[in-house]
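All remarks here apply to the structure that follows.
Treat the numbers as computed from the prediction; the structure is a model and nothing was measured.
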Amino acid sequence: MFSLRDFLFILCLSLRVLSAPLPGVLSADKEFLQINKEFSRKIIRDAERLINDLCRNEGWCEKSQLTFFQLQDVPLDQCQAGSFRQEGCFSQLSNGLMELQRRVMAMPGHLPKENLQRLEKDISDLFVNIQEEMEAQGITAQNSPSQTSLPTSTSTFHQKATMFLILSDLANFMRTLHSLLA
């Protein structure tokens, strides 16, 4: 038989386990999850639309077609299922959004300016939402310096190729974020 003390101990343990966040879930706030799921869908859609324009106009449809260009991917290793760490994941998301926004604005690549401005605003709004959720959860971002220096070539070809890679990375980043918000 269990003593009252044992029963209370087991009850406390089970409540703590039941109230713990699920692994791989950023937040228990359903509104945060829904709003940012919509933002990530919109950014994916806009990035893919611009990628499709480059595919149609330039013939680049896969990153592998541009192997002569290398851009370092924005890390999200702490957001992966096997190594998920909420605090680390939030930091990587925050730093990654800043980096991707910097890249999008640095390399216009001869794409419609209004599309890029809308994309930049959506990334900025998503960044603010991530920052606010971090504050609400008491998480402080571990800032990392800008990771990638972008090619300095002024040729139209290089700018378009770089923008294709940036948009591909942005879409992949957003797909990972979207899966964390599901």
Side-chain angles (χ1 to χ4, degrees), residues 22-67 69-84 86 88-134 141 144 146-148 150 159-182:
L22 295 172
V25 176
L26 281 178
S27 175
D29 182 343
K30 291 185 187 304
E31 184 179 1
F32 167 80
L33 296 173
Q34 187 59 40
I35 288 170
N36 293 299
K37 211 184 317 186
E38 288 303 317
F39 263 124
S40 65
R41 275 190 204 121
K42 187 175 185 301
I43 293 169
I44 290 168
R45 200 171 38 248
D46 289 347
E48 287 177 345
R49 189 175 302 126
L50 292 169
I51 289 168
N52 288 336
D53 288 347
L54 286 168
C55 178
R56 202 173 31 261
N57 296 334
E58 306 299 329
W60 306 317
C61 301
E62 298 291 328
K63 281 177 72 171
S64 61
Q65 293 174 289
L66 297 170
T67 56
F69 280 103
Q70 294 294 319
L71 283 182
Q72 185 177 14
D73 288 336
V74 175
L76 285 175
D77 56 299
Q78 293 185 26
C79 297
Q80 303 306 317
S83 59
F84 182 81
Q86 187 181 38
C89 182
F90 265 117
S91 288
Q92 286 185 332
L93 289 171
S94 176
N95 291 329
L97 286 168
M98 281 193 307
E99 175 65 15
L100 288 165
Q101 184 179 33
R102 182 189 73 80
R103 290 180 188 182
V104 166
M105 297 314 293
M107 278 292 172
H110 305 283
L111 292 170
K113 189 173 186 166
E114 63 276 356
N115 293 8
L116 291 174
Q117 287 173 337
R118 184 174 58 244
L119 191 59
E120 189 271 336
K121 177 163 181 5
D122 288 342
I123 294 169
S124 179
D125 290 345
L126 181 58
F127 173 76
V128 168
N129 291 349
I130 295 288
Q131 290 291 305
E132 287 174 354
E133 182 64 16
M134 289 174 71
S144 65
S146 181
Q147 301 167 356
T148 303
L150 297 172
Q159 287 180 358
K160 288 180 181 180
T162 301
M163 183 50 92
F164 178 85
L165 294 173
I166 291 168
L167 291 170
S168 295
D169 289 347
L170 176 62
N172 289 334
F173 183 93
M174 286 298 133
R175 284 185 198 98
T176 300
L177 174 59
H178 187 80
S179 71
L180 292 167
L181 298 168

(request) For Glu31, look at atom CD and say whether over 12 heavy atoms of other residues, nucleotides or ligands are found less than 6.0 Å away. (result) no
Run the side-chain contact (heavy atoms from CB on, under 4.5 Å) test against [X] and tell me which residues pass, sequence neighbours left out.
{"X": "Cys61", "result": "Cys55, Gln65"}
{"X": "Gln131", "result": "Ser94, Phe127, Met134"}
{"X": "Asn115", "result": "Leu50, Pro112, Arg118"}

(message) Would the distance check show the side chain of Ser179 and the main-chain N or O of Thr176 forming a donor-acceptor pair, the cut-off being under 3.5 Å?
(response) yes
(message) Once ring-ring contact (aromatic ring centres under 6.0 Å, His included) is applied, what residue pairs with a partner in residues 29-62 remain, sequence neighbours excluded?
(response)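 The answer is Trp60-Phe157.
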(request) Please report the shortest heavy-atom distance between Phe90 and Glu133, naming the atom on each side. (result)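 Distance-wise, the nearest heavy atoms are CZ-CG, 3.7 Å.
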(message) To check you understand the geometry: which heavy-atom pair defines the closest contact between Leu181 and Ser40, and what is its length?
(response) CD1-OG, 4.3 Å
If you round to the nearest 0.5 Å, how far is [atom2] of [Y] from [atom1] of [X]?
{"X": "Ser124", "Y": "Met98", "atom1": "OG", "atom2": "CE", "result": "11.5 Å"}
{"X": "Leu180", "Y": "Cys89", "atom1": "CG", "atom2": "SG", "result": "5.0 Å"}
{"X": "Gln101", "Y": "Leu97", "atom1": "CD", "atom2": "CG", "result": "8.0 Å"}
{"X": "Ile130", "Y": "Leu26", "atom1": "CD1", "atom2": "CG", "result": "6.5 Å"}

(message) Run the side chain to side chain contact (heavy atoms under 4.5 Å, CB included) test on Leu170 and Leu119 for me, step by step, so that the C-alpha distance in whole Å, both residues' side-chain angles and the decisive distance to 0.1 Å come before the verdict.
(response) CA-CA 10 Å; Leu170 176 62; Leu119 191 59; 3.8 Å; yes
Pairing residues for [X] by the salt bridge (charged side-chain N to carboxylate O under 4.0 Å, His left out) criterion, not counting sequence neighbours:
{"X": "Glu120", "value": "none"}
{"X": "Glu58", "value": "Lys160"}
{"X": "Asp125", "value": "Lys121"}

Check whether any side-chain heavy atom of [X] lies under 4.5 Å from a side-chain heavy atom of [Y], and answer yes or no.
{"X": "Asp73", "Y": "Phe173", "value": "no"}
{"X": "Leu54", "Y": "Leu111", "value": "yes"}
{"X": "Asp29", "Y": "Gln34", "value": "no"}

(request) Not counting sequence neighbours, list each pair that qualifies as a salt bridge (Lys or Arg N to Asp or Glu O under 4.0 Å) and has a residue in residues 33-44. (result) Glu38-Arg41, Lys42-Asp46, Lys42-Asp122
(request) Sorted by first residue and then second, give each salt bridge (Lys or Arg N to Asp or Glu O under 4.0 Å) pair with at least one member in residues 161-171; sequence neighbours left out. (result)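 Every pair satisfying salt bridge (Lys or Arg N to Asp or Glu O under 4.0 Å) with a residue in residues 161-171: Lys63-Asp169, Arg103-Asp169.
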Show every donor-acceptor pair shorter than 3.5 Å between a side-chain atom in residues 74-81 and any protein atom, with sequence neighbours excluded, or say none if there are none.
from, atom 1, to, atom 2, distance (Å)
Asp77, OD1, Gln92, NE2, 2.7
Gln78, OE1, Arg85, NH1, 2.7
Gln80, NE2, Leu76, O, 3.1

(request) Show the numbers, then the answer: is there a side chain to side chain contact (heavy atoms under 4.5 Å, CB included) between Met163 and Leu167? (result) CA-CA 6 Å; Met163 183 50 92; Leu167 291 170; 3.8 Å; yes
(message) Run the side chain to side chain donor-acceptor pair (under 3.5 Å) test against Asn129 and tell me which residues pass, sequence neighbours left out.
(response)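 Result, side chain to side chain donor-acceptor pair (under 3.5 Å) vs Asn129: Asn36.
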(message) Run the side chain to side chain donor-acceptor pair (under 3.5 Å) test against Asn172 and tell me which residues pass, sequence neighbours left out.
(response) Arg175
(request) Using the salt bridge (charged side-chain N to carboxylate O under 4.0 Å, His left out) rule, take Glu48 and Arg45 through it: C-alpha gap first, then chi angles, then the decisive distance, then the call. (result) CA-CA 5 Å; Glu48 287 177 345; Arg45 200 171 38 248; over 6 Å; no
